[in-house]
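Structure, as structure tokens:
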Amino acid sequence: MAVRAAVLRHIRVPLQAVPKLQPWRAMSSHGDDHITKEEVIQRVLAVVKDFPKVDPSKVNPDVHFQKDLGLDSLDNVEIVMALEEEFKLEIPDKEADKIDSCNLAIEYIANHPMAS
């Protein structure tokens with residue numbers, strides 16, 4: 001947790017522009033303005049594929065950041081930060097520490113009420 005805070009102060013991951021699947025989203029009075037799980041999957045995979053140390057051909061929804069992609073814990077923190085920026089949300093440190101795969105990131109974001 002302290003490592004994450006230190007990283008947040010000193011390191012920023014340059015993000016390449018990721019095309020949005022839905023460039024405009026109307027707010028619904030029915031509360032149905034949350035992004036779809038399919039959109040979450042595509043955007044999470046795009047963020048991970050754009051990470052400089054990742055071979056895009058190895059990225060799929062079930063990939064583990066450290067075991068499958070060979071990333072270290074600092075890279076893991078940087079990916080979570082990039083996901084926070086992509087989905088315009090803040091993931092608490094306690095939850096961010098648990099996100100170590102695309103699948104966990106997808107589940108967390110798809111279930112987060114403020115993800116956009």
Side-chain angles (χ1 to χ4, degrees):
M1 287 171 243
V3 172
R4 184 170 190 266
V7 169
L8 287 172
R9 283 193 297 273
H10 300 290
I11 297 177
R12 287 290 172 203
V13 176
L15 291 178
Q16 297 174 358
V18 177
K20 303 287 183 206
L21 297 177
Q22 297 175 348
W24 181 79
R25 178 187 299 284
M27 298 298 280
S28 167
S29 61
H30 302 291
D32 191 24
D33 56 335
H34 189 66
I35 54 180
T36 66
K37 186 164 184 177
E38 187 58 39
E39 183 179 352
V40 171
I41 292 169
Q42 291 179 359
R43 288 171 59 192
V44 165
L45 295 180
V47 167
V48 175
K49 285 178 182 179
D50 285 344
F51 192 72
K53 297 180 182 178
V54 170
D55 175 0
S57 67
K58 294 182 178 180
V59 177
N60 65 63
D62 298 317
V63 76
H64 188 276
F65 300 148
Q66 294 177 358
K67 293 176 187 171
D68 300 325
L69 300 177
L71 302 177
D72 61 27
S73 58
L74 185 58
D75 296 327
N76 199 59
V77 170
E78 291 180 24
I79 286 178
V80 171
M81 290 169 33
L83 291 169
E84 288 177 320
E85 189 171 321
E86 170 67 23
F87 290 95
K88 298 176 182 58
L89 54 86
E90 187 172 325
I91 302 173
D93 289 349
K94 201 177 228 183
E95 297 300 317
D97 291 342
K98 297 176 188 174
I99 298 174
D100 61 1
S101 67
C102 285
N103 193 33
L104 290 175
I106 290 164
E107 288 304 314
Y108 182 86
I109 294 166
N111 292 314
H112 196 288
M114 300 303 290
S116 62

Problem - Spacing of CG belonging to Leu83 relative to CD1 belonging to Ile99, to within rounding of 0.5 Å - result: 7.0 Å
Practice task
Check whether any side-chain heavy atom of Leu71 lies under 4.5 Å from a side-chain heavy atom of Phe51, and answer yes or no.
Solution key: yes
Problem - Verdict with supporting geometry, Asp75 and Leu69, side chain to side chain contact (heavy atoms under 4.5 Å, CB included) - result: CA-CA 10 Å; Asp75 296 327; Leu69 300 177; over 6 Å; no
Handout entry: Pairs where residues 91-116 contributes a residue and the test ring-ring contact (aromatic ring centres under 6.0 Å, His included) is met, not counting sequence neighbours
Key = Tyr108-His112
Exercise for the section: Kindly determine whether Ile35 and Arg43 satisfy side chain to side chain contact (heavy atoms under 4.5 Å, CB included), including the steps that lead there. Expected result: CA-CA 11 Å; Ile35 54 180; Arg43 288 171 59 192; 4.1 Å; yes
Completion exercise
Residues passing the salt bridge (Lys or Arg N to Asp or Glu O under 4.0 Å) test with Lys49, sequence neighbours excluded, are none
Exercise for the section: Rounded to the nearest 0.5 Å, what's the gap from CG on Asp62 to OG on Ser101? Could you check? Expected result: 8.5 Å
Practice task
Count the heavy atoms belonging to other residues, nucleotides or ligands that lie under 6.0 Å from CD of Glu90, then report whether that count exceeds 12.
Solution key: no
Completion exercise
side chain to side chain contact (heavy atoms under 4.5 Å, CB included) filter on Pro61, not counting sequence neighbours, yields Ile41, Leu45, Ile106
Completion exercise
Residue set satisfying side-chain hydrogen bond (donor to acceptor under 3.5 Å, both in side chains) with Asp55, at least two apart, ordered chain then number -> Ser57
Fill in the blank from the handout: Nearest heavy-atom approach of Ala115 to Ile109 is CB-O, 3.6 Å
Problem - Heavy-atom pair of closest approach, residues Ile91 and Ala96 - result: CG2-N, 3.6 Å
Problem - Close side-chain approach of Val77 to Met81, heavy-atom, < 4.5 Å - result: yes
Exercise for the section: Could you list all the salt bridge (charged side-chain N to carboxylate O under 4.0 Å, His left out) pairs where at least one residue sits in residues 98-116, not counting sequence neighbours? Expected result: Lys37-Glu107, Glu95-Lys98
Practice task
Output the distance between atom NZ (Lys53) and atom CG (Leu74), rounded to the nearest 0.5 Å.
Solution key: 6.5 Å
Practice task
Please answer: with hydrophobic residues joined when any side-chain heavy atoms are less than 4.5 Å apart, are Val48 and Leu104 in the same cluster?
Solution key: no
Problem - Residue pairs, two or more places apart or on separate chains, that pass ring-ring contact (aromatic ring centres under 6.0 Å, His included) and touch residues 55-106 - result: none
